[in-house]
Amino acid sequence: MALQRPKGTSDHLPDGSPKLSLDTQARAFQRVTDVARGVLERSGAQFIATPIFEEPELVRRGVGETSDIVTKEMFTVYYFGEHGGFILRPEGTASVMRAYLQNGLKQLPSPLKLWTQGPMFRAENVQKGRLRQFHQLDYEVIGGDDPLIDAEAVAVMMSVVEALGLRQVTLKLGSVGDPADRERYNAYLREQFGRRRADLSPESLLRLDRNPMRILDSKSAEDQAVVRELAVRPMLDFLGEQAQAHFASVRRYLDAWGVSYQLDPGLVRGLDYYRRSAWELHHAGVGAKSALGGGGRYDGLAEQLGGPATPGIGWALGIERLLIAMTAEGLELPLSPGPHVYLAALDGALVGQVAELGLQLRSVVRAEFAYRALKPAVALRDAGRRGAVYAALIGPEEAGRGVVALKHLSSGVQRNIGLDELRDVLGGPDFVNPDFVNPDADDRTTHPQPSTNQEQA
RNA sequence: GUGGGUUUAGCUCAGUUGGUUAGAGCGCCGCUCUGUGGCAGCGGAGGCCGGGGGUUCAAGUCCCCUAAUCCACCCCA
């Protein structure tokens, strides 16, 4: 076995590769980003790109010192020398905020909508929909705290998912309140669960210290029983006045727009920087962890990074997870187009000339040529397998008359075309277009095939 | 970090209670095919049987270790 790619990474492959699935198909990634770009730019977001490695401090202060990401999932990269290493970014928001602060983007009209896309890195163990290098689409709005921005962000995220054709999605919406609210809630939870330590699962005993809110969505039956018996009140009950008003306003907008969501009073998010609005988008098809993406408000992040207080909100979608979800819904990409014309010389002496013709035709259409002389049968078979629309055969006879034998593969219609009109013919409508099939065409130059059609659907 | 499944040709897989030079289908390349394709027939290339160690006269097959992969826990996209 030759060398293999590192664990938890994937190659994005060309169409036709064996073992190809949507989430490893290069063109599918392209497609998702293109669709997203359309939606996001129509929403007013501008593209921003940041390095994939950053100072460790950015991630520690952004994502949170005690989060799983920082404590056990960071990739560190070193270069020759004494430097203490960089972090491969585990998510995009901290970097975008860092770039906003560092580059004075504050002077752009505010609030500023940005989007980015690219690889993220987390050194986790691998399972369905979870890779060590995965790809995210990010949308961030910096410089505004109006609830309308929250509602718009959610709506934009839903538009992206919709534009991809996904239908079976569930939006879970909640609010994690302001920091003071969360402190009060955590204190409440510690007090409640503290009285039932004996009945909690071992994992939840750990959660009790680190993040008691996690106990609420534990899968263990014993924990669920405790939660039920204690009739634990949800985070939403603990929202302060302002957070409460903000959340109510966000919901009013979404309700008015007909954006359907499931209220999740106990929604927990894993990154420390979230405030107030928080949401997750789920899909049944992606496996045990069904989140396609999530988002929320992060008004405290800029200050944590050492900048002036700057409100912000954003979301991220996992591209691989979107593709898995698309697979689960049976969505497929249309066939990738083959060359428009495949040229083949029938005689060794003509190979160079034919290649030159191909190079010239590329100003009009996708043109490929054979690298050696082929027999007509082989040339046609080759052209067909490559998915070409036309095959152009040039032998001594054609070369002598200054024409090419141009065959429309799916219809079998063939004509001799003069070199001077070839560009126009290839750039124009297909032979199969009735306007184009010459009614006076000589029978001797057309060879309709017994229709053994295939691919062309 | 933990648990279970898997690993033989480019792909999908056979391979008997351990027994000579490890097979098939598909794909790839070529020929049949002196200027008209997708079919068919024939031929060819392509395997440290994931890696390492052990048991044995003999290991793809049994044992141990290890890696990768898939799924799940944890956590997240």
Side-chain angles (χ1 to χ4, degrees), chain A residues 1-10 16-20 23 63 67-73 90-93 119-138 157 201-204 206-207 210-211 214 217-220 268-271 280-283 286-295 315-325 342 344-347 373-388 391-398 405-410 412 414 445-456:
Chain A
M1 197 41 102
L3 293 176
Q4 299 196 318
R5 81 180 90 88
K7 177 176 183 159
T9 62
S10 67
S17 309
K19 296 203 285 189
L20 193 65
D23 57 310
V63 176
S67 66
D68 274 20
I69 291 179
V70 168
T71 54
K72 51 186 195 194
E73 298 170 4
E91 56 93 49
T93 302
M120 306 294 165
F121 304 84
R122 296 182 197 176
E124 298 185 90
N125 229 337
V126 180
Q127 69 186 73
K128 189 181 180 77
R130 200 175 70 182
L131 292 165
R132 290 181 167 184
Q133 176 178 338
F134 61 101
H135 298 76
Q136 284 189 336
L137 285 165
D138 266 278
M157 186 185 194
S201 68
E203 297 82 39
S204 284
L206 293 175
R207 294 186 180 111
R210 272 183 35 210
N211 193 350
R214 281 277 166 215
D217 58 5
S218 164
K219 283 190 180 126
S220 117
V268 187
R269 304 249 52 218
L271 283 61
E280 285 175 357
L281 191 62
H282 290 264
H283 191 283
V286 302
K289 277 305 162 184
S290 62
L292 293 179
W315 51 253
L317 284 166
I319 297 182
E320 284 85 354
R321 289 190 179 181
L322 288 169
L323 291 169
I324 292 171
Y342 182 75
L346 304 181
D347 184 286
L374 298 178
K375 293 175 194 167
V378 176
L380 290 172
R381 191 189 45 168
D382 243 28
R385 285 193 312 182
R386 286 164 202 275
L393 308 183
I394 298 118
E397 194 182 312
E398 287 80 8
L406 188 66
K407 182 161 189 170
H408 186 262
L409 290 166
S410 59
Q414 176 172 335
T445 59
T446 49
H447 304 271
Q449 290 296 109
S451 61
T452 41
N453 67 323
Q454 238 101 14
E455 50 268 75
Q456 318 297 111

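Throughout, protein chains are lettered first and strands after them, A, B, ... in sequence-line order, and every chain is numbered starting at 1. What you are looking at is a predicted structure, and each value in this text was computed from that prediction instead of being measured.
Side-chain atoms of A:Q133 do not come within 3.5 Å of backbone N or O of A:G8 as any donor-acceptor pair. No donor-acceptor pair closer than 3.5 Å links the side chain of A:R132 to the backbone N or O of A:V126.
In plain terms, the two heavy atoms of A:A379 and A:L393 that are nearest each other are CB-CD2, 3.7 Å. Minimum interatomic distance between A:F121 and A:F134 (heavy atoms only, all atoms of both residues): N-CE2, 4.3 Å.
Residue-level contact check: A:E398 touches the bases, meaning some heavy atom is under 4.0 Å from a base atom. Using a 4.0 Å heavy-atom cutoff across all strands shown, A:L137 reaches no nucleic acid atom at all. Nucleic acid contact for A:E91: none, since no nucleic acid atom lies under 4.0 Å from a heavy atom of the residue. Residue-level contact check: A:G92 touches neither bases nor backbone, having no heavy atom under 4.0 Å from any strand. Within the 4.0 angstrom heavy-atom criterion, base atoms lie near A:P396. Nucleic acid contact class of A:G293 (heavy atoms, under 4.0 Å, all strands): sugar-phosphate only.
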Protein heavy-atom contacts under 4.0 Å, written 5' to 3' over nucleotides 23-30 of chain B as B (base), S (sugar-phosphate only) or - (none), form the string -----SSS
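As rounded to the nearest Å, B:C63 and B:A24 have P atoms that lie 29 Å from one another. Straight-line distance between the C1' atoms of B:G47 and B:C11: roughly 14 Å, to the nearest whole Å. The separation of B:C49 from B:A22, taken at their C1' atoms, amounts to 8 Å, rounded to a whole angstrom. Taking atom C1' on both nucleotides, B:U17 is separated from B:C62 by 12 Å, rounded to a whole Å. Across the C1' atoms, B:G15 and B:U20 are found 15 Å apart, a figure rounded to whole Å. The P atoms of B:G10 and B:G19 are separated by 24 Å, rounded to the nearest whole Å. On the C1' atoms, B:C48 is 15 Å away from B:U7, given to the nearest whole Å. Nucleotides B:G50 and B:G3 have their P atoms positioned 24 Å apart, rounded to a whole Å.
The separation between A:I324 atom CD1 and B:A77 atom P is 15 Å, rounded to whole Å. A:E124 has its CD atom 12 Å from the C1' atom of B:C73, to the nearest Å. Spacing between atom CZ of A:R130 and atom P of B:U2 amounts to 14 Å, rounded to whole angstrom units. The nearest whole Å value for the distance from the NZ atom in A:K7 to the P atom in B:C71 is 13 Å. For A:L406 and B:G37, the CG to P distance is 17 Å, given to the nearest whole Å. In this structure, A:M157 places its CE atom 10 Å from P of B:A77, rounding to the nearest Å. The separation between A:N125 atom CG and B:C70 atom P is 11 Å, rounded to whole Å. Per the geometry, NZ belonging to A:K407 stands 9 Å off P belonging to B:U36, to the nearest Å.
Distances were taken from every side-chain heavy atom of A:K375 (C-beta onward) to each of B:G10, B:C33, B:U36; the shortest belongs to B:C33. Relative to the side chain of A:E397, the nucleotides B:G35, B:A77, B:A68 differ in distance, and B:G35 lies closest. Distances from the side chain of A:K19 to the nucleotides B:U12, B:C70, B:A68 place B:U12 closest. Proximity note for A:Q127 (side chain, C-beta onward) versus B:U69, B:A72, B:A77: the nearest is B:A72. With B:C74, B:A77, B:A68 as the candidates, the nucleotide lying closest to the side chain of A:R321 is B:A77. Checking B:A72, B:A68, B:G37 against every side-chain atom of A:L409, the shortest atom distance belongs to B:G37.
Taking the nucleotide of RNA chain B with the nearest heavy atom to each of A:P6 and A:L317, the more 5' of the two is matched to A:P6. Checking A:R5 against A:P18, the closest nucleotide of RNA chain B that is more toward the 5' end is the one next to A:P18.
The side-chain hydrogen bond (donor to acceptor under 3.5 Å, both in side chains) search around A:Q136 returns none, not counting sequence neighbours. Not counting sequence neighbours, the partners of A:A391 by the side-chain contact (heavy atoms from CB on, under 4.5 Å) test are A:L380, A:A383, A:L409. Under the salt bridge (Lys or Arg N to Asp or Glu O under 4.0 Å) criterion, A:E124 pairs with A:R130, sequence neighbours left out. Among residues two or more places apart in sequence or in another chain, the side-chain contact (heavy atoms from CB on, under 4.5 Å) test is passed with A:P396 by A:D347, A:L350. Among residues two or more places apart in sequence or in another chain, the salt bridge (Lys or Arg N to Asp or Glu O under 4.0 Å) test is passed with A:R381 by none.
With a cut-off of 3.5 Å on both pairing distances, the Watson-Crick or G-U wobble partner of B:G30 is B:C42. Nucleotide B:U7 forms a pair with B:A67, judged by Watson-Crick or G-U wobble geometry with both contacts under 3.5 Å. Across all strands shown, the partner of B:C57 is B:G19, judged by Watson-Crick or G-U wobble contacts whose two distances both fall under 3.5 Å. Here B:C73 sits opposite B:G1 as a Watson-Crick or G-U wobble pair (both hydrogen-bonding atom distances under 3.5 Å).
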Could you walk me through whether A:S10 and A:D23 pass the side chain to side chain contact (heavy atoms under 4.5 Å, CB included) test, one step at a time? CA-CA 9 Å; A:S10 67; A:D23 57 310; over 6 Å; no
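Judged by atom type and distance alone, A:E73 does not reach the base of B:C74 through any side-chain donor-acceptor pair under 3.5 Å.
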